[in-house]
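Please read the structure below before turning to the comments.
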Amino acid sequence: MTEVKKIAVIAGDGIGPEVVAEAIKVMKRTEELFGLKFEFEHGLFGGIAIDEKGTPLPQETLEICKRADAVLLGAVGGPKWDNNSKELRPETGLLGIRKELGLFSNLRPAVVFDCLKDASTLKPEVLEGTDLIVVRELTGGIYFGEKFRREGAHGEEAVDTCVYNVTEVERIVRQAFEVAQKRRKKLASVDKANVLETSRLWRETVNRIAPDYPDVEVEHVLVDNCAMQLLRRPSSFDVIVTENMFGDILSDEAAMLTGSIGMLSSASLGEGSFGLYEPVHGSAPDIAGQGVANPIATILSVALMYRLTFGYSEAADAIESAVKQVLDAGHRTGDIAADRAQALSTTEMGDLIANALEGAAVQA
């Protein structure tokens, strides 16, 4: 008898509820095709939680997540809450849930589909063969360091502290080595060791543990050079591992290689199999409620969930194959469409992918 897996569903703000609905549609179709069973429990998070509960991360939502096997998150934030105090900002809830759930690693694949090369602003020949993954440390660095303001000689000063310890660096780097071992065995460790002490600790730690993974080729890349090389030679990268802020920036840059940030999935992982899965894109309040958002990143995040948390590799392969089939057939949402007048709605794209699963399941 198939075990029922509990999924905490946090739709969040903006387009979050729209794209999450399509991801659940796909999950329910895989239940039928692969004999899987899921139990969904919904919780408030982000801006909507601030409005309704007075906090971005209500305790009841955190409890829902802790008793789940995985979390599916839509998006949080928006200009409505930009001027709130720090404790009443959606992003504070995002940092908090990562810390509370022990999610120290964020995996962000960036794969260029052949049929979408023209959707990117880069030349197709530059994009040829691009298939990389950014492994971002998620619970340390400047985002979590001490923050304060003070009076200085030239007026008010703001201070953000960047702190890393060797244990934090080692656990994320080892995970990146393990990811590289399952791919093309190339690891680019990105830092700013020519300037930052935290980066020097980072590089020393990478060099110390690299001999434990002799089959993986290691390259140290300064973050500014990495940003340039992602645009110049993206296909040369396999796995990129880096600290929190650098990973945040570089993974968004990598998203544009694929033609749209609406194509990028992500997984936030801890020590065990539990994970939080979400699209890389934000809440896009400018298009919220219009039914035009691209649900593919969220749907591909479900494929990551199946593969990394549950070991449902056939179902994960089928989802990725269904997405490819739909795109190869020329179907597009507005963000990747050459002709916006011909673009599909969010639900139309979700329906096509869900329907394509049957054929993809046979191939898988």
Side-chain angles (χ1 to χ4, degrees), residues 2 5 7 19-38 70 72 107-120 124 127-133 179 182-184 234-235 238-239 254-255 257-267 275 277-281 293-333 335-337 343-364:
T2 303
K5 301 296 185 182
I7 310 298
V19 294
V20 164
E22 301 312 305
I24 291 176
K25 181 188 297 179
V26 167
M27 292 181 74
K28 289 183 175 179
R29 186 70 177 119
T30 61
E31 284 185 304
E32 300 169 2
L33 294 170
F34 292 92
L36 310 179
K37 291 186 179 180
F38 299 106
L72 179 63
L107 277 59
R108 295 185 171 188
V111 180
V112 176
F113 290 88
D114 286 341
C115 63
L116 286 182
K117 287 178 184 175
D118 291 337
S120 173
L127 297 170
E128 185 71 37
T130 297
D131 180 356
L132 62 89
I133 184 166
V179 171
K182 298 173 185 176
R183 291 173 52 93
R184 302 195 305 276
S235 64
D238 180 20
V239 179
L257 301 174
T258 69
S260 170
I261 201 168
M263 296 294 297
L264 235 66
S265 59
S266 81
Y277 298 86
E278 61 179 316
V280 171
H281 64 67
N294 186 347
I296 290 178
T298 317
I299 291 169
L300 289 176
S301 296
V302 169
L304 279 180
M305 179 196 296
Y306 284 7
R307 184 169 283 115
L308 299 176
T309 291
F310 300 132
Y312 296 157
S313 57
E314 287 189 4
D317 289 344
I319 291 173
E320 292 166 352
S321 178
V323 169
K324 185 177 184 301
Q325 286 178 34
V326 169
L327 292 173
D328 284 345
H331 302 295
R332 305 282 188 269
T333 46
D335 57 319
I336 52 176
L344 299 177
S345 70
T346 307
T347 56
E348 287 171 334
M349 179 60 81
D351 287 341
L352 284 173
I353 294 171
N355 292 335
L357 274 170
E358 186 166 0
V362 172
Q363 294 178 11

Exercise for review: Apply side-chain contact (heavy atoms from CB on, under 4.5 Å) to the pair Ile299 and Lys25, showing each step before the final yes or no.
Suggested key: CA-CA 9 Å; Ile299 291 169; Lys25 181 188 297 179; over 6 Å; no
Check your understanding: Closest approach of Ser345 and Thr333, non-hydrogen atoms and distance?
Key -> O-CG2, 4.2 Å
Check your understanding: Any side-chain heavy atom of Glu320 sitting closer than 4.5 Å to one from Asp317?
Key -> yes
Check your understanding: Would you call Arg29 and Glu32 a salt bridge, using N to O less than 4.0 angstrom?
Key -> yes
Practice item. To the nearest 0.5 Å, tell me how far Met305 CE sits from Leu72 CG. Key: 5.0 Å
**Study point:** Distance-minimising heavy-atom pair for Ser265 and Pro109
**Key:** O-CD, 3.4 Å
Practice item. Determine yes or no for a side-chain-to-main-chain donor-acceptor pair under 3.5 angstrom, with Arg332 supplying the side chain and Leu344 the backbone. Key: no
Point to revise | Backbone N/O of Ala293 and side chain of Thr346: donor-acceptor pair under 3.5 Å | key: yes
**Study point:** Check: Thr309 and Lys5 side chains under 4.5 Å, non-hydrogen atoms
**Key:** no
Check your understanding: Quick one: are Ile353 and Glu22 in side-chain contact, heavy atoms under 4.5 Å?
Key -> no
Point to revise | Parallel, tilted or perpendicular: ring planes of Phe310 versus Phe38, cut at 30 and 60 degrees | key: tilted
**Study point:** From CG (Leu357) to CG (Leu352), nearest 0.5 Å
**Key:** 11.0 Å
Practice item. Please answer whether the main-chain N or O of Asp131 pairs with a side-chain N or O of Arg184 as donor and acceptor at a distance below 3.5 Å. Key: yes
Review point. Could you give the distance from OG (Ser321) to CG (Asp328), rounded to the nearest 0.5 Å?
Key: 9.0 Å
Practice item. Say whether, by atom type as modelled, one donor and one acceptor occur between the side chain of Thr258 and the main chain of Val111 under 3.5 angstrom. Key: no
Review point. Should Pro279 and Asn294 count as side-chain neighbours, where that means a heavy-atom distance under 4.5 Å?
Key: no
Review point. Is there a side-chain contact (heavy atoms from CB on, under 4.5 Å) between Leu304 and Leu107 once you walk through the steps?
Key: CA-CA 9 Å; Leu304 279 180; Leu107 277 59; 5.8 Å; no
Exercise for review: Mark yes when over 12 heavy atoms from residues, nucleotides or ligands other than Lys324 sit less than 6.0 Å from its NZ; otherwise mark no.
Suggested key: no
Practice item. Decide yes or no on side-chain contact (heavy atoms from CB on, under 4.5 Å) for His281 and Thr298, but give the supporting numbers first. Key: CA-CA 9 Å; His281 64 67; Thr298 317; 4.0 Å; yes
**Study point:** Intermediate values then yes/no, side-chain contact (heavy atoms from CB on, under 4.5 Å), Ile296 and Val326
**Key:** CA-CA 11 Å; Ile296 290 178; Val326 169; over 6 Å; no
Practice item. Taking all heavy atoms of Ser301 and all of Tyr277, pick out the closest pair and write down the distance. Key: O-CD2, 3.6 Å
Check your understanding: Any donor-acceptor pair under 3.5 Å linking the side chain of Asp335 with the backbone of Ser260?
Key -> no
Practice item. Rounded to the nearest 0.5 Å, what's the gap from CE on Met263 to CG on Leu327? Could you check? Key: 5.0 Å
Point to revise | Atom pair CD1/CE of Ile336 and Met349 - distance to nearest 0.5 Å | key: 5.5 Å
**Study point:** Spatial distance of atom OG (Ser120) from atom CG (Leu257) [nearest 0.5 Å]
**Key:** 6.0 Å
Check your understanding: Is there a donor-acceptor contact under 3.5 Å linking the side chains of Thr30 and Tyr312?
Key -> no
Check your understanding: Any idea which heavy atoms bring Thr130 and Ser235 closest together, and the distance?
Key -> OG1-N, 3.7 Å
